[in-house]
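First up is the structure itself, then whatever we jot down about it.
In what follows, chains carry the letters A, B, and so on, assigned in the order in which the sequence lines appear, proteins first and then strands, with residues in each chain numbered from 1.
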2 protein chains.
Amino acid sequence: MTKKQLIMEKSIELFASQGFDATSVQQITEHCGISKGAFYLSFKSKDELILALIDHFMMETVSSIDYLVINANDKDKLLYDFYYLCFDSVNQHSESALIFIKEQTHHLNDELISKMHYYNQLIEKSILSIIEYVYDDTVQYTKYDLVYCIQGFIKTYMELFFFYNLPADFDTLCKSLVEKTNVLARHTTIPFLSQNLIEMIKQPLNTGIAKEQIIQMIEQDIDEIEESIEKESLILLKEELERPALSRALIKGLLENIRHQVQCKTTFYVLKSYFNFE
Amino acid sequence: MTKKQLIMEKSIELFASQGFDATSVQQITEHCGISKGAFYLSFKSKDELILALIDHFMMETVSSIDYLVINANDKDKLLYDFYYLCFDSVNQHSESALIFIKEQTHHLNDELISKMHYYNQLIEKSILSIIEYVYDDTVQYTKYDLVYCIQGFIKTYMELFFFYNLPADFDTLCKSLVEKTNVLARHTTIPFLSQNLIEMIKQPLNTGIAKEQIIQMIEQDIDEIEESIEKESLILLKEELERPALSRALIKGLLENIRHQVQCKTTFYVLKSYFNFE
DNA sequence: TATAATAATGACTAATCGGTCACGTGTCAA
DNA sequence: TTGACACGTGACCGATTAGTCATTATTATA
């Protein structure tokens, strides 16, 4: 584990229990067992750490959802799986999730707020494709409202688990939410969010991840994965990033090779976005 | 306007645009055009200001909702009116509302977090009575879920208005939400939140408002209201607070006198809670 | 083993914070 | 005119902060 990863993991614990502002760099370094100077060897500033944490957690979440959608083959199950993934992943990474529930709209600076917008839009895009896949054209006019209702369900019930330590019967919860979603999809007729409104809201998705970061992600995957077609594909994709040479068809093919690889789902998602596929 | 009110109003603007921690007492006093010392004549600490702001805004909101429920006479309209009230009041007090969206779960201290829980429960209670009034026994098993769904709707669409400056067609939005609520009430069969779970969550509602604060609220109402039965009732209620003497029947009667008085709705609500009526 | 390169340290700085307090300033009644 | 009093002031305090940098420890290389 690199020092960077250590700092990220340890700082999450502190941020979650105290909040950003209330946690000093001193506390973080003590909690890591390193010196203050070592911190600034890994991160230029405290803000950079925060941005890195957001990137890490949100990419993890977004790519998990994307993986679910891409590999879906059961319309009835997809929505359930999606809900379950949301609650389960947040439950497992409860500390890091807690940060983002706490500091959702806390804009330390413009960079942070635009980052959150960026990831929010990615998630909305995923939910929309779930809806379109599950309900086809039957929700043509109400699908955008449906996206926001689903987000509302998740947000509200999520808070319940955070505020009070409820016994986590995610199965019942998700079945209940799937039913609610189905009911809304089937019976609502009055939309609020029209295509026009959505277009107004949409902003250019330009806050992507830097090429160097992607390369680092690939390298980490390469280290963890065993000798295989997938590993070879990753190596080739990394070379492509460093020195573009291959045709789009070849790149697409390499991506397809790691498409179903769970360990690489985040890398796959990032690469897909980077090369503008889909 | 007292100095206290001035500070509260001006500080809201700063808190809304920067957050609590990022706003210094220095900034607040400069923005008010007063000195740092003058601040500490009105408030013991920065935290006390924050608590006062929360009390003010939440009591305003809760009592508005309560006023709506108490004076309701049209089942079909109540839900619409409720949604409209939420969006409209938040829209009007957008700056103060923004604080609570931002710092929802930001616990500077335990007092703040328990205060937020307290007000959350009051709102949930109001929503529950709306549901019970509108849908009778037809939602016996799903009514608690309905409460959380309604909260989810409000929260999610509210953020939409904050993040992006949407043209505020509250009428369409509320009609759309009423339909969604009706659909859920009519068709959902799988509850997640049972009576038992709700009981587990419930906490004693003991974070009320101090007697001195109530007296101050009454005094302010007395100043603003013209000579009338209502004013006389307020004066008598104030005396009752200072020196308890009247029977419960008499107090209840005095409260009834100001029940429909819009200007006093917060005071009415607080007094009702104080004297344990309803 | 000797030397160069890199990683890590923690005392230090400058700035900012919430909060205090000795000191005006203006307004009364006596 | 005087003195009592409340209101208001801003320089000041100790504590804490993010961030720096001269110094030391460790590792790699020759």
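Here D:dG19 presents its P atom at 8 Å from NZ of A:Lys46, a figure rounded to the nearest Å. Rounded to a whole Å, the CG atom of A:Leu14 is 12 Å from the P atom of D:dA18. For the pair A:Ile28 CD1 and D:dA18 C1', the computed distance is 11 Å after rounding to whole Å. D:dT16 atom P lies 11 Å from atom CD of A:Gln26, rounded to whole Å.
The pair A:Lys231-A:Glu226 does not meet the salt-bridge criterion, since no charged nitrogen lies less than 4.0 angstrom from a carboxylate oxygen. A salt bridge is defined here as a Lys NZ or Arg NE, NH1 or NH2 lying under 4.0 Å from an Asp or Glu carboxylate O, and B:Lys155 with A:Glu159 meets this definition.
Within the 4.0 angstrom heavy-atom criterion, only backbone atoms of the sugar-phosphate kind lie near B:Thr23; the bases stay farther away. At the heavy-atom level, A:Leu41 lies under 4.0 Å from base atoms of the strands shown.
Considering only heavy atoms from C-beta on, A:Thr156 stays 4.5 Å or farther from B:Phe153 through its side chain. At a threshold of 4.5 Å between non-hydrogen side-chain atoms, the residues B:Lys3 and B:Leu41 do not count as touching.
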Completion exercise
Protein-proximity profile, nucleotides 21-27 of chain D, B/S/- by nucleotide at the 4.0 Å heavy-atom cutoff, equals B------

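The salt bridge (Lys or Arg N to Asp or Glu O under 4.0 Å) check on A:Lys10 picks up nothing, with sequence neighbours excluded. The side-chain hydrogen bond (donor to acceptor under 3.5 Å, both in side chains) search around A:Ser233 returns A:Asn257, not counting sequence neighbours. Looking at residues two or more places apart in sequence or on another chain, you find a side-chain hydrogen bond (donor to acceptor under 3.5 Å, both in side chains) between A:Lys272 and A:Asp66, A:Glu278. When the side-chain hydrogen bond (donor to acceptor under 3.5 Å, both in side chains) test is applied to A:Gln216, no partner is found at least two apart in sequence or on another chain.
DNA chain C is contacted by both A:Ser35 and B:Ser24; A:Ser35 maps to the nucleotide lying nearer its 5′ end (nearest heavy atom per residue). Between B:Gly33 and A:Val25, the residue anchored closer to the 5' end of DNA chain D is B:Gly33, taking for each the nucleotide with the nearest heavy atom.
Heavy-atom minimum distance, B:Phe268 versus B:Leu255: CE1-O, 3.4 Å.
Think of the region where chain A sits on DNA chain C: with heavy atoms and a 4.0 Å cut, that region ends 5' and 3' at C:dA8 to C:dG10.
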